[in-house]
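Small disclaimer: the values here were computed from a predicted structure and weren't measured. Convention: sequence-line order gives letters A, B, ...; per-chain numbering from 1. The analysis underlying the following values was restricted to heavy atoms, covering all of them including side chains, and did not include hydrogens, waters or symmetry mates.
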2 protein chains.
Amino acid sequence: MYGMRAIFCNIKFKMFVKFASIIGVTMLKEERFQIILDQLGHEQKVYLGHLSTLLNVSEDTVRRDIKELADQGLLKSVRGGAVPHSPGPHHFRDRMTYDNEQKLIIAKKALQFLKNGQVVIFDGGTSALLIAQMLPKDLELTVITNSFPIASILEEHEHVEVLFAGGRLLKNSFVTIGNDAMQFFKKFRADICLLGICSIHADLGVTGPDFEESEVKRTIIESSKEVIALATTEKLGTAEAYYVCPTDRLATIITDQPDDNEEFKIYKDMGIRMV
Amino acid sequence: MYGMRAIFCNIKFKMFVKFASIIGVTMLKEERFQIILDQLGHEQKVYLGHLSTLLNVSEDTVRRDIKELADQGLLKSVRGGAVPHSPGPHHFRDRMTYDNEQKLIIAKKALQFLKNGQVVIFDGGTSALLIAQMLPKDLELTVITNSFPIASILEEHEHVEVLFAGGRLLKNSFVTIGNDAMQFFKKFRADICLLGICSIHADLGVTGPDFEESEVKRTIIESSKEVIALATTEKLGTAEAYYVCPTDRLATIITDQPDDNEEFKIYKDMGIRMV
DNA sequence: TTAGTACTTGCAATTATTTGCAACAAATGT
DNA sequence: ACATTTGTTGCAAATAATTGCAAGTACTAA
């Protein structure tokens with residue numbers, strides 16, 4: 001599993017480098033910030049040397065960037081690199097900045113599946129949130145969600161009816177969970193649901209790191225005719241402690257990679273649409 | 001579908017720009033604003049150079065445009081371009097207009113009724129919101145509410161458990177209403193509830209201007225042992241269309257005036273504590 | 001201690017931004 | 001119709017920020 005992880009890291013690495021070289025010298029400082037934070041969203045640490053080559057700037061500049069980010073409290077500067085500010089579950093507002101490049105790609109791809117008049121369940125993760133952010137203002141939907149940020153964004157969409165699942169408020173991630181939330185979802189039969197994914201494994205199915213969150217996800221899936229999974233490529237082939245659903249319950253998996261990726265074959269063979 | 005939209009937008013932009021440059025028509029500043037914001041809606045960043053060619057104006061002008069938009073808080077100006085102002089869900093936090101003196105006085109008075117370990121229902125109005133804002137960080141409460149802003153504020157209170165009522169999201173006021181919200185409140189028996197008041201009349205009871213809101217308030221009251229009403233003095237002695245509860249159901253009325261006010265006598269005689 | 005590495009500081013080259021100014025166009029008043 | 005005001009735009013010089021380099025300092029591990 002570790003090997004696979006490494007491979008994915010490399011792919012990501014190349015993407016960034018390519019990205020940087022296209023832009024050339026004219027890369028905004030903020031973009032570097034974003035990428036540094038993205039990295040820290042996945043790894044527990046970043047090295048000056050890595051970032052230097054990745055961002056195509058000198059180590060001095062990376063050092064100054066990290067210092068600036070540290071001043072904003074977004075990470076902790078340590079000798080040789082940086083680590084996340086606080087270990088464990090991050091606050092929602094911090095997590096927003098992570099992963100944007102990949103998740104933006106996913107969000108753009110996901111929009112094609114949303115049609116006027118549908119009833120859609122939005123999962124509480126950041127992937128679904130980005131989709132909500134990019135939703136065309138004229139799309140007519142009924143959205144069912146347990147995520148404060150998503151509800152908050154959709155408030156500006158005149159033609160979107162929002163049904164919010166009550167329950168116990170999970171601090172730091174701004175979603176409601178627990179029996180009440182689940183009972184709420186059970187009342188509906190949505191056309192599709194957009195499911196943020198922690199881990200997918202062809203044999204082991206969809207799994208997540210948190211028990212209650214997994215329970216909610218399971219309920220969401222049960223209440224939806226069709227499940228669209230949102231997963232960055234590195235989540236494929238990994239597994240966590242709590243079971244959500246079998247892999248073939250997913251109708252579609254949207255990733256940040258083109259659909260001709262070799263890794264996707266095993267899922268395609270199961271009849272899943274890879275996008 | 002979305003992709004197609006983006007393409008059309010681009011074509012439209014380019015056509016317009018070309019057209020403008022041939023004919024020599026100058027584009028309205030507001031059109032440029034719109035285009036810049038559109039770009040930022042899709043991408044995470046915009047470059048001065050890019051916009052300069054796209055809009056067919058000098059970089060200086062783009063810079064001034066961005067500065068103006070930044071002053072309006074619509075984006076963040078950075079060296080070399082601009083980035084979205086805040087990727088996070090700050091919407092309803094911004095709306096909290098630091099309200100008038102009266103409600104602040106009420107909020108301060110209300111704090112004395114909140115004790116460790118209580119289960120408290122917070123109504124969705126601005127009065128209750130102010131109380132939530134002023135809540136000491138070390139107070140241990142279980143709060144039940146249907147208000148996004150209140151839940152959002154209490155998220156930062158470590159010792160406050162938040163139970164959020166699901167239901168249909170009322171746009172513009174960020175509260176949930178409808179049957180689901182009411183059913184949620186009915187599950188509890190709170191120690192006290194903090195009720196924002198529209199109108200109180202000694203004979204006609206508590207009334208409000210909105211039917212569904214009144215229904216929710218009624219449910220809240222039914223689920224609470226003790227009702228604390230929050231009312232600016234001018235609301236006393238008035239009435240609205242929709243009935244909420246009889247006046248003597250209120251244990252306490254908190255107003256912005258000292259409790260020796262003459263108007264209060266009629267309520268005191270009913271056994272209501274005026275504060 | 002010693003070697004190796006990372007960090008700090010100052011500096012110069014580059015690049016972006018600010019500022020003042022003049023040309024121009026549209027709206028307004030006479 | 002004409003002059004005046006107002007606002008926008010592009011240009012250029014002054015100003016400020018960013019970046020990489022280099023010399024010196026501080027830290028870490030054997």
Side-chain angles (χ1 to χ4, degrees), chain A residues 16-40 43-85 97, chain B residues 13-40 43-85:
Chain A
F16 275 133
V17 170
K18 193 174 179 186
F19 177 70
S21 63
I22 288 173
I23 305 299
V25 243
T26 344
M27 189 182 205
L28 297 181
K29 195 171 55 160
E30 280 66 24
E31 291 181 67
R32 294 200 310 265
F33 287 3
Q34 197 69 255
I35 292 170
I36 292 172
L37 291 174
D38 278 359
Q39 290 280 307
L40 273 182
E43 317 297 324
Q44 281 305 308
K45 62 207 178 239
V46 287
Y47 297 102
L48 289 177
H50 272 177
L51 290 174
S52 172
T53 54
L54 182 65
L55 303 170
N56 214 28
V57 292
S58 75
E59 293 199 4
D60 297 77
T61 302
V62 175
R63 197 173 282 121
R64 276 182 277 234
D65 286 352
I66 285 177
K67 185 161 183 282
E68 199 166 329
L69 289 169
D71 287 343
Q72 292 178 44
L74 297 172
L75 49 72
K76 184 157 178 257
S77 171
V78 297
R79 189 183 175 83
V83 294
H85 188 253
T97 59
Chain B
F13 288 167
K14 285 173 186 165
M15 276 182 59
F16 186 82
V17 169
K18 198 171 182 184
F19 178 80
S21 65
I22 290 172
I23 308 295
V25 182
T26 43
M27 189 186 276
L28 253 47
K29 194 168 60 161
E30 279 67 25
E31 293 181 66
R32 294 202 309 267
F33 285 6
Q34 197 54 56
I35 292 170
I36 293 172
L37 291 174
D38 277 356
Q39 290 279 310
L40 268 185
E43 308 296 323
Q44 301 287 92
K45 69 256 166 188
V46 287
Y47 300 101
L48 286 177
H50 181 216
L51 288 175
S52 172
T53 55
L54 179 66
L55 303 171
N56 208 30
V57 292
S58 74
E59 293 200 2
D60 297 73
T61 302
V62 175
R63 196 173 283 119
R64 276 183 278 236
D65 286 352
I66 284 176
K67 185 158 183 262
E68 199 166 328
L69 289 169
D71 288 342
Q72 293 177 44
L74 297 170
L75 48 73
K76 186 173 172 219
S77 170
V78 299
R79 190 186 173 87
V83 294
H85 185 252

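Taking CG of A:L51 as the reference point, atom CD1 of A:I66 lies at 5.5 Å (rounded to 0.5 Å).
Between the C1' atom of D:dT15 and the CZ atom of B:R63 lies a distance of 13 Å, rounded to the nearest Å. Note: NZ (A:K67) to P (D:dT18) measures 12 Å, nearest angstrom. In this structure, the CD atom of B:E59 is 9 Å from the C1' atom of C:dA16, given to the nearest Å. Rounded to a whole Å, the CG atom of B:N56 is 12 Å from the P atom of D:dT9. The distance between atom OH of B:Y47 and atom P of C:dT17, rounded to the nearest whole Å, is 13 Å. Rounded to whole angstrom, the span from the CG atom of A:D65 across to the P atom of C:dC7 amounts to 14 Å. At whole-Å resolution of the value, CD in B:E68 and P in D:dG7 are 12 Å apart. Look at CG on B:L55: it is 16 Å from P on D:dT8, rounded to the nearest Å.
Of the candidates D:dT19, C:dT8, D:dT9, D:dT9 carries the atom nearest the B:R64 side chain, counting heavy atoms from C-beta on. The listed nucleotides are C:dT17, C:dT9, D:dT19; the one nearest the side chain of A:D60 is C:dT9. Counting only heavy atoms from C-beta on, A:L48 has its side chain closest to C:dC7 among D:dT9, C:dT18, C:dC7.
Taking only side-chain nitrogens and oxygens, A:K29 comes nearer than 4.0 Å to OP1 or OP2 of D:dT18.
A pairwise comparison of heavy atoms in B:L40 and B:P84 identifies CD2-CD, 3.7 Å as the closest pair. Heavy atoms only, all atoms of each residue included: A:G49 and A:E59 are closest at CA-OE2, 3.6 Å.
Counting any heavy atom pair closer than 4.0 Å across all strands shown, B:V62 reaches no nucleic acid atom.
More than 12 heavy atoms of other shown residues, nucleotides or ligands fall within 6.0 angstrom of atom CZ in B:F33.
Bending across the helix from C:dT1-D:dA30 to C:dT30-D:dA1, expressed as the angle between its end axes from five pairs apiece, amounts to 40° (10° rounding).
Shown here are the side chain to side chain donor-acceptor pair (under 3.5 Å) partners of B:S58, two or more places apart in sequence or in another chain: B:T61.
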Per-pair distances, 0.1 Å, donor-acceptor, side chain in residues 67-80 of chain B, under 3.5 Å, sequence neighbours excluded:
| from | atom 1 | to | atom 2 | distance (Å) |
| --- | --- | --- | --- | --- |
| B:E68 | OE1 | B:K29 | NZ | 3.3 |
| B:E68 | OE2 | B:K29 | NZ | 3.3 |

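Toward the 5′ end of DNA chain D lies the nearest nucleotide of B:T61, the other residue of the pair B:R79 and B:T61 mapping further downstream.
Residues A:E31 and B:K45 are in side-chain contact: their nearest non-hydrogen atoms beyond the backbone lie under 4.5 Å apart.
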